[in-house]
Amino acid sequence: MDAKKKKAIQHIVDREIRKFVNKYKRRFTDEVDIPDGVINSKKNNCFVAELGKEFMFYSAFVRSFDSSFGKVLEKIGNEVAKLSYDVRGNINSFLLPQQSQHIDYIILEYEKHRKPQISDYSDFTCMIPDDTRSFEKSHVTDHYFYNKDKKEHYLIELKAGGDLDNKKAKTEKLALLQEYFILKNSLLDKPDEKIKLYFGTAYNRYGENSEWKQERVRQFFADEELLIGKDYWNFVCDDEKGFDIVFQQYVKSAADIREALNKIKSLYFK
């Protein structure tokens, strides 16, 4: 990776972490005198309070933090991707009944524990009517990247930790398949363009060098459709050292998070 791109990635990580920290400090500072605020609600729980100030603070803070921080990682991923890809928005085209029926068939087979394969949808073809206006669709997507050099479109469903139950995993694959066919229909006049689907996570919940064992997701996604932890960051950076660069900068920027936590805690527990 060239020095300019590396510096740009480092800047994005540091900028987004600082924005996150500032937002959190403002929120919890504003709630100090509000009895039903997130932390004060725990302070008023005598059963939780009995376990000590540290436990009380983090039991109130962590759940909110975990959810919000996942969104920060998503934002960092999209901003970093802009350095290498064309990051696009909603997909607008049409979705035919035959394609919807095929999607339902695919999902049904996966529920019967058929091993997912990319060819399940990439090889499907059907007759396209001359008038498709009655089948027009628009699909909202947060992670749609395009590599103009490779002529490849990437549709990604990103979940920070990837801990989904069967119902949610099914829903995510269903949505991606709908996006796939809508996008495919919009590219009918560009037969050389390719579309790839991915399920990504910002980190490997089993450890970055460990096997990712989320079987509920694997029931609906092929191995080639997974971008787990390091693979996701290397992908959005378009570089095999992408994860290392992102995480090394995060380690530095995380000092701001620790400082904010101590400041917020001091506001509530003097």
Side-chain angles (χ1 to χ4, degrees), residues 1 5-34 36-43 45 48-49 51-83 87 142-143 156 158-164 200-210 212 227-237 239 241-270:
M1 181 183 296
K5 183 176 179 180
K6 179 178 179 180
K7 187 175 181 179
I9 292 173
Q10 292 169 333
H11 172 72
I12 289 170
V13 174
D14 190 56
R15 181 192 69 203
E16 295 304 322
I17 293 299
R18 287 179 183 275
K19 286 167 62 176
F20 169 74
V21 168
N22 291 334
K23 178 182 177 181
Y24 249 69
K25 284 195 294 190
R26 285 196 303 269
R27 174 187 174 183
F28 287 100
T29 298
D30 292 343
E31 288 187 359
V32 167
D33 297 320
I34 300 178
D36 59 352
V38 173
I39 296 177
N40 284 331
S41 295
K42 289 289 184 181
K43 288 177 68 176
N45 183 333
V48 174
L51 300 176
K53 293 180 179 180
E54 288 286 325
F55 181 86
M56 188 192 311
F57 174 72
Y58 286 109
S59 67
F61 192 83
V62 168
R63 185 173 183 180
S64 172
F65 178 89
D66 195 47
S67 174
S68 298
F69 195 63
K71 295 178 182 177
V72 174
L73 294 176
E74 288 190 36
K75 179 69 180 299
I76 290 174
N78 271 9
E79 291 298 309
V80 168
K82 291 178 182 178
L83 301 173
V87 177
D142 295 325
H143 312 285
I156 304 174
L158 178 66
K159 298 297 179 185
D163 186 19
L164 303 181
T201 70
Y203 61 91
N204 185 341
R205 63 194 298 263
Y206 301 99
E208 290 305 327
N209 296 314
S210 301
W212 194 69
L227 291 174
I228 306 302
K230 287 183 178 180
D231 291 339
Y232 169 73
W233 293 108
N234 290 345
F235 178 85
V236 296
C237 294
D239 191 280
K241 296 294 184 181
F243 171 78
D244 295 332
I245 293 169
V246 169
F247 191 71
Q248 286 167 10
Q249 179 57 49
Y250 171 73
V251 170
K252 297 177 182 177
S253 302
D256 291 332
I257 299 178
R258 288 190 289 270
E259 181 183 345
L261 287 174
N262 289 329
K263 183 174 181 179
I264 293 170
K265 186 163 60 173
S266 69
L267 292 174
Y268 289 86
F269 303 99
K270 300 178 181 179

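In this text the structure is predicted, and so the values were computed from the model without any measurement.
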- Between W233 and L73, what is the shortest heavy-atom contact and its length? CH2-O, 3.5 Å

- Considering residues at least two apart in sequence or located in another chain, which fulfil the salt bridge (charged side-chain N to carboxylate O under 4.0 Å, His left out) criterion with K75? E16

- Query: Hey, what do you get for CD (E208) to CZ (F247), rounding to the nearest 0.5 Å?
  - Reply: 8.5 Å

- Taken to the nearest 0.5 Å, the spacing of I245 CD1 from K6 NZ works out to 5.5 Å

- To the nearest 0.5 Å, tell me how far F28 CZ sits from I264 CD1. 6.0 Å

- Note on the structure: Scanning both residues in full, the closest heavy-atom pair of C237 with V246 reads SG-CG2, 3.9 Å

- Test side-chain hydrogen bond (donor to acceptor under 3.5 Å, both in side chains) applied to K82 - qualifying residues, sequence neighbours left out: E79

- Message: Let's go through L164 and K159 carefully: what are the C-alpha distance in whole Å and the side-chain angles of both, what is the deciding distance for side-chain contact (heavy atoms from CB on, under 4.5 Å) to 0.1 Å, and is it a yes or a no?
- Response: CA-CA 9 Å; L164 303 181; K159 298 297 179 185; 4.1 Å; yes

- Message: Measuring from atom CG of L267 to atom CG of D30, what distance do you get when rounded to the nearest 0.5 angstrom?
- Response: 10.5 Å

- When you look at CG of N262, are more than 12 heavy atoms from neighbouring residues, nucleotides or ligands closer to it than 6.0 Å? yes

- Query: Which heavy atom of Q10 sits nearest a heavy atom of Q249, and at what distance?
  - Reply: O-CG, 3.3 Å

- Query: So, N234 side chain and G242 main chain: donor-acceptor pair closer than 3.5 Å or not?
  - Reply: yes

- Query: Residues in salt bridge (charged side-chain N to carboxylate O under 4.0 Å, His left out) with D256, at least two apart?
  - Reply: R18

- Taking only residues two or more places apart in sequence, or in another chain, which ones meet S68 in a side-chain hydrogen bond (donor to acceptor under 3.5 Å, both in side chains)? Y24

- Message: Side chains of F20 and K71, heavy atoms from C-beta outward: is any pair under 4.5 Å?
- Response: no

- Message: More than 12 heavy atoms of other residues, nucleotides or ligands under 6.0 Å from CD of E259: yes or no?
- Response: no

- Taking N40 for the side chain and E31 for the main chain, is one N or O donor matched with an acceptor at less than 3.5 Å? yes

- Item | Pairwise distance CD1(I9) to CD1(I76) - rounded to 0.5 angstrom | 11.5 Å

- Message: Quick check: closest heavy atoms across N204 and S210, and the distance to 0.1 Å?
- Response: ND2-O, 2.9 Å

- More than 12 heavy atoms of other groups within 6.0 Å of K265 NZ: yes

- side chain to side chain contact (heavy atoms under 4.5 Å, CB included) filter on A254, not counting sequence neighbours, yields Y250, R258

- Message: Can you list everything that forms a salt bridge (charged side-chain N to carboxylate O under 4.0 Å, His left out) with K263? Sequence neighbours excluded, please.
- Response: none

- Message: Please enumerate all residues that pass salt bridge (charged side-chain N to carboxylate O under 4.0 Å, His left out) together with K5, with sequence neighbours excluded.
- Response: none

- Message: F55: which residues meet the ring-ring contact (aromatic ring centres under 6.0 Å, His included) condition with it, sequence neighbours left out?
- Response: none

- Under a 4.5 Å cut-off applied to non-hydrogen side-chain atoms, are D163 and R205 in contact? yes

- Query: When you measure from the side chain of N78 to the backbone N and O of V87, does any donor-acceptor pair fall under 3.5 Å?
  - Reply: no

- Task: Grab the two heavy atoms, one from I17 and one from S253, that are nearest each other, plus how far apart they are.
- Result: CG2-O, 3.7 Å

- Side chain of T201, backbone of G229: donor and acceptor closer than 3.5 Å? yes

- Message: Test of understanding: with side chain to side chain contact (heavy atoms under 4.5 Å, CB included), list the residues that count as partners of D244, not counting sequence neighbours.
- Response: K241, Q248

- Listed partners of L227 passing side chain to side chain contact (heavy atoms under 4.5 Å, CB included), at least two apart: I156, Y198, D231, Y232, F235

- Item | Test side chain to side chain contact (heavy atoms under 4.5 Å, CB included) applied to D36 - qualifying residues, sequence neighbours left out | I34, S41

- Set of ring-ring contact (aromatic ring centres under 6.0 Å, His included) partners for Y203, sequence neighbours left out: none

